[in-house]
Undergrad: 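Take this structure first; my questions come after.
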Amino acid sequence: MLQGLPPICGREKEIAALIQRSGSESLPVPLPPLGGVRSGFACALHMHQPTVPAGPDGAFISHLQYMAEHPGEGDNHNAEPFAQCYRRMADLLPQLVAEGCEPRIMLDYSGNLLWGLQQMGRSDITDALKFLAHDATMQRCVEWLGTFWSHAVAPSTPIPDFKLQISAWQHQFLDCFGADALARVKGFSPPEMHLPNHPDTLFAFVDALLQAGYRWLLVQEHSVEQLDGSQLEHHHKYGPTQLVVRNSDGAELTITALVKTQGSDTKLVGQMQPCYEALGMQPLTIAGLQVPALVSQIADGENGGVMMNEFPEAFRVAHHKLRNQESGTLAINGTAYLQWLDHSGVSQEQFPRIQAVNTHQLWQQLGDRRGPAAVDAAIESLKSTHSGFAMEGASWTNNLSWVEGYENVLAPMNQLSARFHQQFDAALAAEPAITGTEAYRQALLHVLLLETSCFRYWGQGVWTDYARLIHERGEGILSACGG
């Protein structure tokens, strides 16, 4: 880390070369013929702690550190139980493998959580995560998912910063676990499962993912629809899909998507409901082939009593059940499932096609018109005539707006982002090595941190005060840079 700053930039050329040479990897473990398996389940654990200006003299520290240092406030007594949740898969998985099971889990760690663990000197946790990333047996069991570095929600993040958030996380992961581990990261987990549905925002988001080497992403069931605007059917929710995106000029991109179902309840993963749901499912038919149905689900890995206390034993029991009976159901991670289909002759082009929610209505309203102005006019028209129509994105938190009532965070966030790009974009085009300087990294850190969802999730008060302080510091840094 440079001057105590996180490793969020400076190795762009190395990462780009890594992405370019990272081709179609072989399956991590031999799998039976498609016809021999009825179903599978893919569970992911999301881990995050924001960075807050709450250390000595307002220094940036992990909120986990703040919890540990202020145990009498709210639920802060859970600091150490949370910390143990961040490392415990390094105990659970080897135990199950030794017992003859084939456990699988996907892990989504935010960049500022990984940085915070480094700041805290929690080598017990970071060493456990390195074991999961480096050990050959654990590589078969664990799939790491990419995400935005500071847990920003995509629909209300400035579009130019998508690539910055994605790249910063790749830098952080590379620093923690090395190039080979980063080359294996092919799936993306959007913070809060928040998928943009404005056509230009979504197009830029998917374009950024594809350029960064991602091959698939996890989406929330209620954030997508069929191409005719109807709700997803069984074969969309329990199999691979192709997410189709078009921008306001009509350009089109696609990316593979796996659908996370049934809302946000951590009990679904905490009590291993995806396993038991999969046990009762039959294969799907895609391109004339029988394809195992897949139940995909993600939950906070540490938050709440179920995840802290019940999950480990439920995870063991579920995998013992699969070991002890010929069920035709297996645990499988997202990339392995998709590679399995590809090796069996089922390609992405044959997957059912879906799109972001409300897209059908929007394109019907547009007709033959194109361009950003036409899209904006169509959106305003639909808002005035269709109750509930929105283009602010959709996620499992549809009862909570990331925009309404947060002008005091959003306006400074957009202002700081715009000023950052005015200061650095032209200089970057002339001299890419500028990303390795302390000034650039300091400014980038403040841009990324201000976009953290927590500064809006918890309402007005101390969290929006944190955002105000980050904005003021970021402005000061850019002024010192001459911007």
Undergrad: Validate the cation-pi geometry between Arg419 and Phe424: distance from NZ or CZ to the six-membered ring centre under 6.0 Å, angle to the ring axis within 45°.
TA: no
Undergrad: Between the side chains of Gln415 and Glu475, does any donor sit under 3.5 Å from an acceptor?
TA: yes
Undergrad: Go through the side-chain N and O atoms of His48 and His63 and say whether any donor and acceptor fall under 3.5 Å apart.
TA: no
Undergrad: Within the 3.5 Å criterion, strictly below it, is a donor on Gln165 or Glu451 matched to an acceptor on the partner's side chain?
TA: yes
Undergrad: With a 3.5 Å cut-off and no angle check, do the side chains of Asp161 and His421 form a donor-acceptor pair?
TA: yes
Undergrad: Are Phe173 and Trp144 near enough that their ring centres are under 6.0 Å apart?
TA: yes
Undergrad: Can a side-chain donor-acceptor contact be found between Gln211 and Asp207 if the only test is distance below 3.5 angstrom?
TA: yes
Undergrad: Testing the 3.5 Å rule here: is there a donor-acceptor pair between the side chains of His151 and Thr452?
TA: no
Undergrad: Would you mind telling me which of Asp175, Ile19, Ile8 makes a side chain to side chain contact (heavy atoms under 4.5 Å, CB included) with Gln170?
TA: Ile19
Undergrad: Ring centres of Tyr440 and Phe420 under 6.0 Å apart?
TA: yes
Undergrad: What class does the angle between the rings of Trp340 and Tyr337 fall in, given that below 30° is parallel, 30 to 60° is tilted and above 60° is perpendicular?
TA: perpendicular
Undergrad: Is Arg104 close to Leu330 at the side-chain level, that is, under 4.5 Å between some pair of heavy atoms?
TA: no
Undergrad: For the residue pair Ser189 / Thr147, report whether a side-chain donor-acceptor contact shorter than 3.5 Å exists.
TA: no
Undergrad: Return yes if a side-chain donor-acceptor contact under 3.5 Å exists between Glu225 and Gln231, otherwise no.
TA: no
Undergrad: Report yes or no: do Gln365 and Ser381 form a side-chain donor-acceptor pair below 3.5 Å?
TA: yes
Undergrad: Using only heavy-atom distances, determine whether the side chains of Gln242 and Thr254 contain a donor-acceptor pair under 3.5 Å.
TA: yes
Undergrad: Less than 3.5 Å apart, any donor N or O on the side chain of Glu12 or Ser167 sitting next to an acceptor on the other?
TA: no
Undergrad: Indicate whether the side chain of Trp216 and that of Thr335 have a donor and an acceptor atom separated by less than 3.5 Å.
TA: yes
Undergrad: Decide whether Gln49 and Ser110 meet the rule of one side-chain donor and one side-chain acceptor closer than 3.5 Å.
TA: no
Undergrad: Looking just at side-chain N and O atoms, do Gln172 and Gln118 make a donor-acceptor pair shorter than 3.5 Å?
TA: yes
Undergrad: I would like to know whether Asp200 and Ser248 meet side-chain hydrogen bond (donor to acceptor under 3.5 Å, both in side chains); could you show each step before the answer?
TA: CA-CA 6 Å; Asp200 290 331; Ser248 58; 2.9 Å; yes
